[in-house]
Amino acid sequence: MRRLFAFHGGVKPPAHKAQSTALPIAVAPLFSEYVIPLHQSIGGAPRPLVADGDPVLKGQKIGGADGNVSAAVHAPTSGTVKAVEMRRMPHASGLSALCVVLEPDGDERWIERAPFDHKNASPDALRDYLRDTGIVGLGGAAFPSYLKLNPGKEGRLDVLVINGAECEPFITCDDTLMRERAATVIAGAAIMREMLAAKSVIIGIEDNKPEAIAAMRTAAQGRDMAVVAVPARYPAGGAKQLIRVLTGIEVPHGKRSTDYGVQCFNVGTAVGIHDAIALGAPLISRIVTVAGNVVHPRNYEVLFGTKMQDLLALAGKLPDTDRIIMGGPMMGLPMPGEEVPVVKATNCILAGSQALLPPPPPEMPCIRCGECALACPADLQPFELYWFSRAKLFGRAQEYHLFDCIECGCCAYVCPSNIPLVDYYRFAKSEIWAREREKEAADAARSRFEFRTKREAREKAEKAEKLQARTAIRSVTETDPAAAEKKALIAAAIARAQQQKAEVRPQNIDNLTLEQRAEISAIESRRARFHEMAKTAADEDT
Amino acid sequence: MNNSPYFRQPVSVQAVMLKVLAALLPGLAAYVWFFGAAILVQIALASSAALAGEAAMLMLRRRPLALFLSDGSALVTAWLLALSLPPLSPWWLTVVATLFAIIVVKHLYGGLGQNPFNPAMAAFCVVIVAYPQLLSQWPSPASGDFMNQWQMIFAGAREHVDALTMATPLDALRTGLHAGTGKAAAILGGTQGMGVLAGQGWEWVAVGYLAGGLWLIQQRIITWHIPAAFIAVFLAVASAFHLGSADRFAPPLFHLFSGGALLCAFFIATDPVSAATTPRGKLIYAAGIAFLTYIIRVFGAYPDGIAFATLLMNICVPLIDMWTQPPVFGHKK
Ligand code: SF4
Ligand code: SF4
C-alpha cells in the first residue's frame, strides 16, 4: 500500500457523475460553423495565419504561437475561413476576442501528419513542436504544456503525477476517457516520462471511479506506473492537492512544482501529447461532458470551436434551463450566451436551472464560526479574507495570503451564512491588480515629473551660464548662440529618450511567474463585474 | 449576480443556533427536575425580551426583520443569560439584562457577527455589579413549589426569599473561608445541599451541559479546542491550588461541576462571534478564560468568574487571532 497524505479541508458535494457515464463517449457530428478563438491558452494571443476566404485543412495551423508563453491553434476540420473577427468568448466577462470563423466542407481532409521523434529531438525543437501542435493542459487551466515539460534544474524529475482525480461534480470527461482510452493515456504518460526523465509515475484517480481505475491498472501493467486510488474529496483534483495527496509535497503558491521535483498533468493532456508525438496530430478536439439540465447527459468528443448551443441541442437541453456554466458547479464560469465556442479549457458544459442549482438563500453576516477555515484546502482563514476584502483592506488581505486562495469554493460551500465568499476574493484580487497597475502608472508619471523638474532646473542653470558667458565674452557673440542651441537640442533629445524609457510598461508585470500571469489574465476579464458587487457591498455597509 | 460555487451545503445560521438551543436541553431538564419550573419562566421572559429587542433594533437599523429574527441568535443569547441568572430573579431583572445584551452589546456594536463581547456575559456583568444581592439568591433543591416561585418572580414577594434560597456550596465555601470557620473540606461537608461532587442538583445540571456540549462537538457545531482547553486548564489550575493547600482550596472536580464552569466551556466560550477562531488561538483563549474564571471565583468578590473572565478574554481575541494564524498551504515549517 502506498502511503497517502491527506490535504487539509475539502468538502464532499453530491457527485452527480453517474448520469453522464451511463453512455460511452460519442463523437459529435460536424456542425455548420465553427468559431475558433485564437487565444485559448494562458499567455500571449496567437496571431491569425489565415484570412477571409482561405481554404484550410483539418489540423492546419490558423493561429501562430506568440511569445514565450503561448500555444498555436488549428483548424478543427477542413473548410473555408468565413471571417476573422471579434466574437464573444466563453468567459464570464462576455468580452469578445479575435476568432477564426470556419465553414466546414464536410470532407475532413487532414494536413499531412507524421510522428515526431522526440527521443532524438533537441529540447528546443521539442518545445517548438509542442507549442506548434497547440498542446495545453486540458484540466481546465489551459497552460501551455511545453513550459512544464522541461525537467528542471536537476535534469530529471522525481515524480510525474498524472491527474485523473476529477473531483468536480457532474464532470466525467476524464473518467470516461480513462475507461475507454486507458492505453492512450498510459502511452502519453510514458512519452512524458521520457521527456522529463521522471523517476516514477503516479496516476491519481478518485476512488469513486472504480471502472477507470480498473481500466488504467490493466493498461499500466508492466509499465512501472502506479495507479493510485485517492479518497474522493473535493478538490482532490487540484494539481497542488493531488501532488500533496500522492507525494506529501506541498508546492507553495507562485512556485514551479518542477523545483520541488514533481510535475502534474491531466489525463486528457497525456492523450493530447500522445496524439501529437505518436500520430503527429495537433490538438483540435477534446472530451467534453454535457450535463445538468439536459435529457441525455453524456460525454462527447468535440472539435474546438463547436458552439455550445450545438452540443446542448444534441444532449437535449431542457426548456427551463436558465444558465450555461463552463466547468462544474464549484468553480465553473457562467457563460455570457450559448453561442460561445468550446475551447481547450472546456471540460464540461453544465446546463443549470433553478431546481438544479438553486440560488443561495439570503446572505447573512459572518458569525465567525470557522467552518470555512475547516474546509479551506489552502489552509487559509477565509472569513478573515472576507472581512478584509469587504472593508477594502487589501493590504491586510494580502498579508493573510489572499493570493494563495485557489478559488475552489469550499468555503462558500460550507458557509452557514451563505456568503458568496469567493466573489469577495475575486473582487479583492482584481482590485489589487488594478491598484498595482495604477501605482505603476503613477510611479512612471512621477519619475517623468521628476525628470522634467530636473531638466528645467538644468536648463535654467544653462541659460544663466549662457547669459554669463555672453556678457563675459561679447566679442564672440556670433557663434555662441548657435552652439548653445545645438546643445539644447541634444539635451532635449536625451530627455525625450529618457522619458520614453520611463514610459515603458511597468517592470513588475514582466517578471511575474507564469502562474501569476495566468491569474492576472483570468482576473482581468472578470473585473468589470465586480464593481457592481463592490457597490452593493458598500451600500450594505452603511 | 450569482457566481461559483453554485452548490451550497444545506446549512444555515438558524440551523446552527437551533442545535445550540437543543444542546442546552439536557442541562435545562436537570435544572427543572431539581429546581422547579422557574427557569422555564425565566427563559420565556428572556426569549420574549430578546426577540422584542432584536425586532426593535432591526427596524431601527432597517434590516430584514424576518430573516434576522428567525436566525435564532437572539434566542441563544437569551437562554444563556437566563441560565446564568438565578432562576428566582425578579422578572424585570431578566428583561433588563436581556435587552441590554441585545440592544447595547449586540446591536450597537453592529448586530449579528459584529459584537466583540459575548452579549449574555456582558449583560451578566452589568447586572451583577448593579444588583449583587439579587444575584446571590439561588434556589435550594427543595424550592420547587411553582406558585411560590411565580410570585417571587412576578409579585415581588421577596420577603420569603430566604426560605426558598440558600447559598450555593461555592458561595458557602467562599464565605466560610473568609470568615475562617474551618477548612475547605469541612465547610463543604457541613454545607447543606452539597451533592457528590458539587452542589446538589447543580452537579447534574452541569452533567447535562457536558452531555449537550459533547453532542455539539459530535455535530461539528463547535470544535473540541475550546471545551478541551477550558476543562484541562481549569482542572490543572484548581488541582495546583488544591494540592498546594487542600485546606484553603476545594477539589478540582468540585470547581468544574460548580457554577457556570461547564456552561462556559461548551456554550459561552464557544460563542463563535466573540471567541478566537484559529485552532491555537482557541486553545489560548479558552485557557485564558479558565484561568481567569478560577482566579476570579476564588480570589475575587463575586460568586463566579465566568462572565468577567470571558469579557477579559474577548478583548484579547483580535491579538490572539493575529498571533496564531496557521501556516498556509506550501508555507509550512
Ligand atoms: S463559514 Fe461563513 S459565517 Fe462561518 S466564519 Fe466562514 S464566512 Fe463566517
Ligand atoms: S476559495 Fe479560497 S479561501 Fe475559499 S476554500 Fe478555496 S482556497 Fe480557501
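Because the structure is a prediction, the values reported are computed rather than measured. In the text below, chain A, chain B and the rest are named by the order of the sequence lines, each starting its count at 1.
The candidate with the highest count of non-hydrogen atom pairs below 4.5 Å against chain A, out of B:P64, B:A15, B:G111, B:G113, is B:G113. The residue among A:G352, A:C415, A:P329, A:P365 with the most heavy atom pairs within less than 4.5 Å of chain B is A:P329. Of the listed residues (B:L67, B:I222, B:V16, B:D271), the greatest number of heavy-atom pairs within a distance under 4.5 Å of chain A belongs to B:L67. With chain A as partner, the option from B:I221, B:T270, B:V328, B:V11 having the largest number of non-hydrogen pairs under 4.5 angstrom is B:V328. Options A:L357, A:L350, A:I367 differ in how many heavy-atom pairs under 4.5 Å they form with chain B, and the most are formed by A:I367. Of the listed residues (B:G110, B:G330, B:P279), the one with the most heavy-atom contacts under 4.5 Å to chain A is B:G330. Heavy-atom pairs under 4.5 Å with chain B were tallied for A:G332, A:G370, A:P13, A:C369; the largest tally goes to A:G332.
Both the backbone and the side chain of A:V414 have a heavy atom closer than 4.5 Å to some heavy atom of chain B. Residue A:A373: no heavy atom, backbone or side chain, is found under 4.5 Å from chain B. Proximity to chain B is limited to the side chain of A:F383, based on heavy atoms less than 4.5 angstrom apart. Only the side chain of B:T223 comes within contact range of chain A, with at least one heavy atom under 4.5 Å from a heavy atom of that chain. Using a 4.5 Å cut-off between heavy atoms, A:I325 touches chain B through its side chain atoms alone. A:L374 touches chain B through its side chain: at least one heavy atom from C-beta onward sits under 4.5 Å away, while N, CA, C and O do not. For A:P14, the parts sitting under 4.5 Å from any heavy atom of chain B are the backbone and the side chain alike.
Heavy atoms of other residues, nucleotides or ligands lying less than 6.0 angstrom from CZ of B:R220 number 12 at most.
Separating the CG atom in B:L112 from the CE atom in A:M364 is a distance of 5.5 Å, to the nearest 0.5 Å. We find the SG-CD distance between A:C366 and B:Q114 to be 8.5 Å, quoted to the nearest 0.5 Å. Going from atom OH of B:Y6 over to atom CZ of A:F170 covers 12.5 Å, rounded to the nearest 0.5 Å.
Two residues are said to be in side-chain contact when any heavy atoms from C-beta on lie closer than 4.5 Å; A:P334 and B:N3 meet this criterion. By the 4.5 Å heavy-atom criterion applied to side chains, A:V422 and B:P5 are counted as neighbours. Side-chain contact between A:V11 and B:Q9 is absent, with no heavy atoms from C-beta onward closer than 4.5 Å. Put simply, the side chain of B:P272 does not reach to within 4.5 Å of the side chain of A:E371, judged on heavy atoms.
Of all non-hydrogen atoms in A:I419 and B:R8, the two that sit nearest each other are O-NH1, 3.4 Å.
In summary, of the residues considered (A:E399, A:H401, A:Q381), a side chain to side chain contact (heavy atoms under 4.5 Å, CB included) with B:Q325 occurs for A:Q381 alone.
A side-chain hydrogen bond (donor to acceptor under 3.5 Å, both in side chains) check over residues 66-78 of chain B, counting only residues at least two apart or in different chains, returns the pairs B:D71-B:S73, B:S73-B:K106.
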